[in-house]
Amino acid sequence: MGFYSFLKDDRLVAASLGLGTVGFLLAMRSILEYYRDEAEVKPTPPKTQYITQDTEDSLGLSTLESLLSHYNFAIRDTALKIVAGRAVNDSSAVYHLLWGITRIDYEERMEALRALAFAMEDKDAFQEPLSALNNQKAYSALVRCLELCLDDAEHEKLDDPLYDEYYLRDIGERRCLMLVSQLVHRYGVDKFIEVGLVERWLAKQPWGDDDEERQKNFTMYMDRRKNRISDICFHLKTCKAGRKALFKAKLTPKSRRSKRERPDQIKVVLEISMTNEDDFEGPSQAEHVPRVNDQTAEEQRLRRRHREAMVLNDGTHSLGRSDIIEREHDSNS
C-alpha cells in the first residue's frame, strides 16, 4: 500500500512530467540542429593554384607581351619576373644587354641598362643573378658604360668637403655603379682592375688640375664621402694591384717606407682641449710650453708625480676643469 500510494502522489507525477518535457525538448533541439547542419550548403573554398616551371616555360613571347600590358598590377609583375628569369638564364640575352650598355646612343644605352639592372635585382627568379655577369665581357662592358657616362653630363671639380654630388649624377651612371658595387662586394675588385676601371673612368673624374691637387681631393673624397664611388675606391686601396693602379693614375702618393722599415710601435698623440663650464666668454687657450729635455732623473720623477690627477665626470655634463682633481704634493717630497 505504501508503494502504490507513493506512485499516486501528485508531486511525483508532476516532477516526472516536467523532467520528461525538458528531456523531450532537448532531444528535439539536438535532432533539429543536426539536420540543419547537414542540410547546409557550404561554399567550396577556392583551390590555390601556383605557376609551376612548366607553366612558365610554356608561355610564348606573344603571351608574355600581352601579360606585360595587362591592367592587373600583380599579373604584370609576375610577367616581368618571368621575363627577367629567362633573360638571366639565357646567355645570349645577357650578352645582348651588355652590348646595349656600350652603345654611344644615350636612349639605347639606358634601355639596356634598366633591363640589366632589373634582371640582376630579381632574386626570386634566379638565386644568384650576379653570376651571369662574372666574366671578362661583362666587366669590360660595365667599365665602357661608365666611360661613356663621363660625356653625358658635365661634372664639377670634386674639391668641396661638404657637398656630395653623387646623388645628382646621371641615373644611368648610378645604375652602372650599383652593378659594379655589387660585383665588387661579391667577387672582388681584381677583374675590374684588369679591364682598366681606374685608368678609363676613375682617373678621368675632375679631381684637380695638378697631381698634388688630385691627390688631396681624392684623399678628402675617401674620408668625407659615403657613397658607392668611395666604397669602390676603398676596395681598390685594400689590394696591391689597386694601390698600384691608383698610384699610376696619380691619385695617391707613393708610399715612402715599406713595411719592413715601419716601426713595430705606434705613437698616439692625444690633444685635449677643455673649457671651464662657468666661463661663458669662450674657450681658454692653452699656452704651449716647450718641453725641457735637460732634466735629471730625480727632476723627471718629481715632474711625473706632480702631474698625477683624477678625472671625475658622471656623464651629465661636458668635461671641464672642475672635474679634474690634482694630487696635492708638498715641497719636501
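With a 6.0 Å radius and a threshold of 12 heavy atoms from other residues, nucleotides or ligands, E108 has its CD atom above the threshold. Counting heavy atoms of neighbouring residues, nucleotides and ligands inside a 6.0 Å radius, atom CG of L25 exceeds 12 of them. Shown here is E154, whose CD atom has no more than 12 heavy atoms of other residues, nucleotides or ligands within 6.0 Å. For NZ of K250, the number of neighbouring non-hydrogen atoms (other residues, nucleotides, ligands) closer than 6.0 Å is 12 at most.
In this structure, H155 and C149 approach most closely via the heavy-atom pair CE1-O, 4.0 Å. Looking at every heavy atom in both residues, P161 comes nearest to R225 through O-NH1, 3.2 Å. When all heavy atoms of I101 and C145 are compared, the closest pair comes out as O-CB, 3.4 Å. Nearest heavy atom pair, residue A249 against residue R214, reads O-NH2, 3.2 Å. The shortest heavy-atom contact between H185 and D231 is NE2-OD2, 2.6 Å. Residues P253 and Q215 share a closest heavy-atom pair of CB-OE1, 3.7 Å.
If you chain together hydrophobic residues whose side chains sit under 4.5 Å apart, Y167 and I232 fall into the same group. Hydrophobic clustering of Ile, Leu, Val, Met, Phe, Trp and Tyr side chains at less than 4.5 Å, counting indirect connections, unites F234 with Y187. Follow the hydrophobic side-chain contacts under 4.5 Å out from Y106 and you reach L150 in the same cluster. Clustering ILVMFWY residues whenever any of their side-chain heavy atoms sit less than 4.5 angstrom apart, transitively, puts Y34 in the very cluster that holds I31. A single hydrophobic cluster is not seen to contain both L113 and W99; linkage of ILVMFWY side chains at heavy-atom distances under 4.5 Å, directly or through other members, places them apart.
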Start with the C-alpha gap between L146 and F192, add the side-chain angles, then the distance that decides, and say whether side chain to side chain contact (heavy atoms under 4.5 Å, CB included) holds. CA-CA 12 Å; L146 287 175; F192 279 109; over 6 Å; no
Using salt bridge (charged side-chain N to carboxylate O under 4.0 Å, His left out), reason through E194 and K191 one step at a time and then give a plain yes or no. CA-CA 5 Å; E194 294 176 2; K191 292 184 179 179; over 6 Å; no
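The distance from the OG atom of S131 to the CZ atom of R186 is 8.5 Å, given to the nearest 0.5 Å. With values rounded to the nearest 0.5 angstrom, D211 atom CG is found 10.5 Å from E213 atom CD. The CG atom of L236 sits 11.5 Å away from atom OG of S230, with the distance rounded to the nearest 0.5 Å. Note that the CZ atom of R175 and the CG atom of D170 stand 9.0 Å from one another [nearest 0.5 Å]. Atom CG of L168 sits about 9.0 Å away from atom CD of E156, to the nearest 0.5 Å. The structure places CD of Q205 at 12.0 Å from CG of N217, a figure rounded to the nearest 0.5 Å.
The shortest side-chain heavy-atom distance between L116 and L133 falls under the 4.5 Å cut-off. Here the side chains of C233 and Y221 are not in contact, with every heavy-atom distance at 4.5 Å or above. Taking 4.5 Å as the limit, some side-chain heavy atom of L177 sits within range of a side-chain heavy atom of W201. At a threshold of 4.5 Å between non-hydrogen side-chain atoms, the residues R109 and L148 count as touching. Here the side chains of T252 and R243 are not in contact, with every heavy-atom distance at 4.5 Å or above. The closest side-chain heavy-atom distance from K157 to D209 is below 4.5 Å. The shortest side-chain heavy-atom distance between R228 and R174 does not fall under the 4.5 Å cut-off. Side-chain contact check for W207 versus L202: some heavy-atom pair is nearer than 4.5 Å.
One finds no salt bridge joining E40 and R36 here, because no Lys/Arg side-chain nitrogen approaches an Asp/Glu carboxylate oxygen to under 4.0 Å. Between R169 and E165 a salt bridge is recorded (basic side-chain N to carboxylate O distance below 4.0 Å).
Formation of a donor-acceptor pair under 3.5 Å by the S140 side chain with backbone atoms of K137 is not found in this model. With R76 contributing its side chain and Y71 its backbone, the two residues share a donor-acceptor pair below 3.5 Å.
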